[in-house]
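These notes concern the structure reproduced below.
When reading the values below, keep in mind they use all heavy atoms of this one structure, side chains included, and skip hydrogens, waters and symmetry mates. The chain is numbered in sequence order, starting from 1.
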Amino acid sequence: MSITADDVKAALSKVIDPNTGKDFVSSKSVKNIQVDGGDVALDLELGYPAKSQIASLRALVVNGVKTIPGVGNVSVAVQVKILSHAVQRGLKVMPNVKNIIAVASGKGGVGKSTTAVNLALALAAEGASVGILDADIYGPSQPTMLGINARPESLDGKTMEPLENHGVQVSSIGFMIDPDEPMVWRGPMVTQALQQLLDQTNWRDLDYLIVDMPPGTGDIQLTLSQKVPVTGAVIVTTPQDIALLDARKGLKMFEKVGIPIIGVVENMSTHICSNCGHTEAIFGQGGGEKMCKDFGVDFLGALPLTMAIREQADSGRPTVVADPDGAVSAVYKQIARRVAVKVAEKAKDMTSKFPTIVVKND
């Protein structure tokens, strides 16, 4: 009895992608099935970066196909294809940036910038082309965290080249001012600076642009929601009630302006003693997960409060770069995969498919 492409699909409809929780057939990941006698070849197309997962995913698919009686050699080519996804109504996706992800918090001091930079580095480590926009005009911290002490170049006198370190493109007002100089600017100047940083940086074909937002729900957040094509937002909080109150406000703000919430990250979830390893929930427990249940959004992960995370960020080598195989880096990478999968599941951007209609009077 000869093997058919339908047999292959039937077998793979029972194999679940551990990153998406869906089978490879219903998620439309299986492409170009070719059967030659007992030999099977196919492509596995992923919508999210998964450099560290490719070998295990290929093995899953191969083993799934081998459950078919009479199968010989099985060849699986794994490809990653990251697409642009839908943004707020009335806005168009940027031509050189496929997906913009805002990382926000309701209040300061919850580790939002540290989360943003490690999220960007984790996506890059998984093979994506990633940039980070430091939108915290009053308190830019990405130059320090990424260990960049330089001024951006302009090749045409109108736009500037992003600076780069650890494989991530970066733009920040911090590159253009003295570190000790306060930004004594009113709201309109701040929002104009954000728009210029975004539009006048020559981003080079980014799969993801991570925007490190300032805390709160003010001018910059409003400008971002009205003028910047955002794919989704990640909310960062800590477990204690006072932080969660503000995080809930931030989440509701994004909902009101039509930006989908990708999920919530709980920072400083537990404290791990550097001497004895004892774990203690000094800021409370379960607050982030409860917030997710209340609002029907995804809990992306929890990060511990450790001295190493702070020391690594301060030294210009954040955790994902300083300790790529460590336990905390594994959590950041898992959060990054969950973010990328949630983005991949969103509606695709179809604006480029529509023709431009021009009305002329003859």
Side-chain angles (χ1 to χ4, degrees), residues 101-123 136 139 141 145 210-218 221 232-256 259-314 318-320 322-323 326-342:
I101 299 167
V103 178
S105 64
K107 70 191 296 293
V110 298
K112 169 190 51 60
S113 295
T114 308
T115 302
V117 71
N118 277 295
L119 175 60
L121 291 166
L123 288 167
D136 195 347
S141 53
M145 288 187 171
I210 306 299
V211 181
D212 179 14
M213 299 286 291
T217 54
Q221 288 81 357
V234 172
I235 307 292
V236 181
T237 187
T238 49
Q240 73 265 45
D241 291 345
I242 198 72
L244 286 161
L245 277 173
D246 292 328
R248 291 165 84 99
K249 289 174 187 170
L251 189 150
K252 290 294 285 182
M253 181 207 72
F254 283 114
E255 284 185 346
K256 278 186 176 181
I259 294 176
I261 304 298
I262 294 170
V264 173
V265 174
E266 187 179 88
N267 218 3
M268 309 181 201
S269 186
T270 53
H271 173 251
I272 302 170
C273 177
S274 55
N275 289 326
C276 67
H278 173 67
T279 299
E280 192 172 8
I282 58 175
F283 289 132
Q285 211 163 9
E289 289 182 81
K290 183 181 182 302
M291 176 177 156
C292 289
K293 285 176 186 171
D294 290 346
F295 288 100
V297 298
D298 284 7
F299 185 68
L300 298 172
L303 289 150
L305 173 64
T306 68
M307 196 181 295
I309 294 176
R310 193 268 306 162
E311 288 175 339
Q312 289 155 350
D314 284 352
T319 306
V320 171
D323 186 18
V328 175
S329 284
V331 177
Y332 278 124
K333 287 175 182 177
Q334 186 179 50
I335 290 170
R337 271 196 302 278
R338 285 175 179 165
V339 168
V341 166
K342 286 287 290 180

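Summarising the geometry, atom CG belonging to L300 is positioned 11.5 Å from atom CD belonging to E266; distances are rounded to the nearest 0.5 Å. For the atom pair CE (M268) and OG1 (T238), the distance works out to 6.5 Å, reported to the nearest 0.5 Å. Taking CG of D246 as the reference point, atom CG of L251 lies at 12.5 Å (rounded to 0.5 Å). Atom CG of L303 and atom CD1 of I309 lie 5.5 Å apart (nearest 0.5 Å). Between atom CZ of residue R248 and atom CD1 of residue I235 there is a gap of 12.5 Å, rounded to the nearest 0.5 Å. Within the model, atoms CD1 of I262 and CD1 of I101 stand 4.5 Å from one another, a figure rounded to the nearest 0.5 Å.
The minimum heavy-atom distance between A104 and F254, with the atom names listed, is CB-CE1, 3.6 Å. In plain terms, the two heavy atoms of K112 and M213 that are nearest each other are NZ-O, 2.5 Å. Shown here for A313 and T114, the closest heavy-atom pair between the two residues is CB-CG2, 4.4 Å. Scanning all heavy atoms of the two residues, the minimum distance from L123 to A336 falls at CD2-O, 3.6 Å. Of all the heavy atoms in S329 and T319, the pair that sits closest is OG-O, 3.0 Å. Looking at every heavy atom in both residues, K252 comes nearest to F295 through CD-CE2, 3.3 Å.
Of the possible polar contacts, one joining the N267 side chain to the G111 backbone as a donor-acceptor pair under 3.5 Å is found.
Within the 4.5 Å cutoff, the side chain of V103 has heavy atoms near those of the I210 side chain. Counting heavy atoms from C-beta outward, S141 and V117 have side chains that stay 4.5 Å or more apart.
Ion pairing of R338 with D298 is absent here, as no side-chain N (NZ or NE/NH1/NH2) approaches a carboxylate O to less than 4.0 Å.
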Could you walk me through whether V328 and D323 pass the side-chain contact (heavy atoms from CB on, under 4.5 Å) check?
-> CA-CA 8 Å; V328 175; D323 186 18; over 6 Å; no
